[in-house]
Amino acid sequence: MIQVNLSNMRSFVPENYEANLAQQLHTAHNHLQNHDGAGSDFTGWVRLPADYDKEEFARIKAAAKKIQSDSEALVVIGIGGSYLGARGVIECLCSANYNLKKKSTPNIYFAGNGLSSDQLSEIVELLDGKDFSINVISKSGTTTEPAVAFRFFRRLLEEKYGREEAARRIYATTDRARGALKTQADAAGYETFVVPDDVGGRYSVLTAVGLLPIAVAGVDIDALMAGAQSMMESCAQPELAANPAWQYAAARYALYCAGKKIEILAAYEPNFRFMCEWWKQLYGESEGKENKGLFPASVEFTADLHSMGQYIQQGERHLFETVVRLGASATKNVVPMEENNGDGLNFLAGKDMDFIRQQAMDGTLLAHVEGGVPNIIVQCDKCDAAQLGQLIYFFEYACGMSGYLLDVNPFDQPGVEAYKKNMFALLGKPGYEDLRAELLSKLQ
Ligand code: PA5
C-alpha cells in the first residue's frame with residue numbers, strides 16, 4: 001500500500017498543523033463522500049473503482065482484443081483529461097519507448113492534443129502501410145483540437161478501408177447522449193463508450209477514456225481497477241492516521257499557508273514523465289482559481305538535477321517537492337569491474353543501478369531539505385498496474401480534498417474558456433463577429 005512520509009516537511013510548518021486542520025479535513029472529506037460540496041455534480045469518480053459499469057468494462061476488453069487482433073496501430077485522439085491519463089499509465093507501465101519495442105500489441109499514437117501540423121503529418125507517415133484503428137475521445141464532443149485531428153484520421157481510415165470497414169475501426173468515447181461526436185458516432189455506427197456525466201475530464205482516467213487505450217497496450221485493467229478500489233477504501237476512512245490522501249492534502253495545504261507556492265512532483269523514473277503531466281493537469285485545473293492554488297510543476301530526476309537542480313537547491317524558497325518513489329526496478333543491472341579502473345568507478349563495481357539510485361535519492365533529499373525545500377515522499381512498493389491504480393485514486397482523492405481546503409470548486413475549469421473564445425473569434429467562427437473585431441484591433 002502507498003505510504004506518505006512527511007518527516008522531511010514537518011520542520012517547515014507549525015508543529016500542530018494536522019490537529020489545527022482536523023475540522024477542515026473532516027468537512028472536505030464529508031463533501032466528497034456525501035457529494036454535497038461545490039461541484040458535487042462531478043464527484044462520480046469517488047465511488048467509481050467499485051461502482052463502474054461492468055457491462056461496458058467487458059466491452060472495453062472485447063474492443064481492446066479486436067484492436068489488438070486487427071490493427072498494428074491505434075490512433076488515440078483527445079486532449080487534456082481525454083488524453084493525459086492514458087498516456088501516463090501506458091508510458092509508466094509499458095515504457096515511453098513502447099512504440100519502439102518488440103511486442104504483440106499495437107503501437108499507440110496520441111493525436112489531437114495540440115495543433116501541430118508537423119506532428120499530424122508525422123503520425124500519418126508512421127501509419128503508412130499499417131492496419132490501424134482510431135479511438136476518438138471527447139466528453140463534450142466539440143473540442144477543437146481533437147475534432148480537427150479526427151477529420152484527418154477518419155478520412156485516412158475511410159480512404160484505406162472504405163466507409164463501412166472504417167466505421168468498424170472507429171471507437172468513440174464521449175457523452176452518453178449529447179454532443180457532436182455522439183451524433184456523428186450514432187449516425188456512422190461507431191462503437192461508443194461513455195464518459196459518465198458525473199466524472200470530469202481530469203478525473204476520468206479510470207473510465208473508458210483511459211481504460212480502452214490502456215487495455216490495447218496490454219495493461220491489466222482489472223488490476224488497475226482493483227488497486228484503485230483498495231485505495232478508495234483507505235481514502236474513505238475519516239481518520240488522518242489511516243488515510244494517506246488526508247495526510248498528503250493536509251501537508252501540502254500547510255506548506256502553501258507557510259509560503260511554499262510551488263509544488264514540484266519528482267520521480268526518479270523517466271517513464272513517469274506523463275504521470276507527472278497528468279498530475280499537473282489534475283491539480284492545476286482543480287486548484288488554480290480565485291487567485292489561489294499551488295502551482296504544480298514537475299521534474300525528472302536525476303536528469304533534472306543537472307538543470308533544475310541549481311534552482312531547487314538555491315533559488316527562491318517558495319517551493320516544495322513531492323517525490324514519488326516507485327520501489328524496485330523490474331530489471332537488475334550490476335556495474336561491471338574494470339581492471340584498469342580508468343574512470344575511477346570500481347568502488348561501485350558489483351553494485352546494481354537501484355542501489356546507486358537509492359543513494360542519489362537519499363543524498364538529494366538531504367541536500368534539498370538542508371537548502372530549505374520541504375520534501376514529501378509518496379512511497380510505492382513497486383511499479384505495476386495495481387500500484388498505479390492506487391496512486392491514481394490517491395492523487396484524485398487528495399486533489400478533491402485540497403480544493404475544498406482552499407475553498408474553491410475543485411471540479412470546474414472556467415478559466416479554460418478564455419483562450420477558446422478568442423481562438424474561435426480569430427478563426428471566424430459564426431457568432432463571434434464582435435469579439436473578432438475587438439481582438440483584431442488589439443493585435444494591430
Ligand atoms: O479536465 C478537463 O475537463 C479538460 O482538460 C478536458 O478533459 C479537455 O478540455 C478535453 O475536453 P473534451 O473531453 O470535452 O474534449
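Order of listing sets the numbers, starting from 1, for every ligand and every atom in it. The shown structure was predicted, so the numbers you read here are calculated from the model rather than taken from an experiment.
- Geometrically, ligand 1 and K420 share no nitrogen or oxygen pair separated by less than 3.5 Å.
- Ion pair R273/E300 not flagged as a salt bridge, since none of the NZ, NE, NH1 or NH2 atoms sits closer than 4.0 Å to an Asp/Glu carboxylate oxygen.
- Between the side chains of S204 and K139, no donor-acceptor pair of N or O atoms lies under 3.5 Å.
- Of the protein's non-hydrogen atoms, T143 OG1, 3.5 Å is the one closest to atom 11 (O) of ligand 1.
- For ligand 1, the polar-atom distance check finds an N/O of G81 within less than 3.5 Å of one of the ligand's N/O atoms.
- Distance from atom 8 (C) of ligand 1 to its nearest protein heavy atom, with residue and atom name: I79 O, 3.5 Å.
- Taking the ring axis of Y432 as reference, the NZ or CZ atom of K421 does not stay both within 45° of it and closer than 6.0 Å to the ring centre.
- No salt bridge links K280 with E285; every basic N to acidic carboxylate O contact stays at or beyond 4.0 Å.
- Scanning the protein heavy atoms around atom 1 (O) of ligand 1, the nearest turns out to be E285 OE1, 2.8 Å.
- Atom 4 (C) of ligand 1 has its closest protein heavy atom at Q281 NE2, 3.6 Å.
- Taking the centre and axis of the six-membered ring of F150, the NZ or CZ atom of R154 falls inside the cone set by 45° and 6.0 Å.
- With Y256 as the aromatic partner, K261 meets the cation-pi criteria of under 6.0 angstrom to the ring centre and within 45 degrees of the ring axis.
- In the candidate list G80, G179, S82, S204, S82 is nearest to atom 13 (O) of ligand 1, counting heavy atoms.
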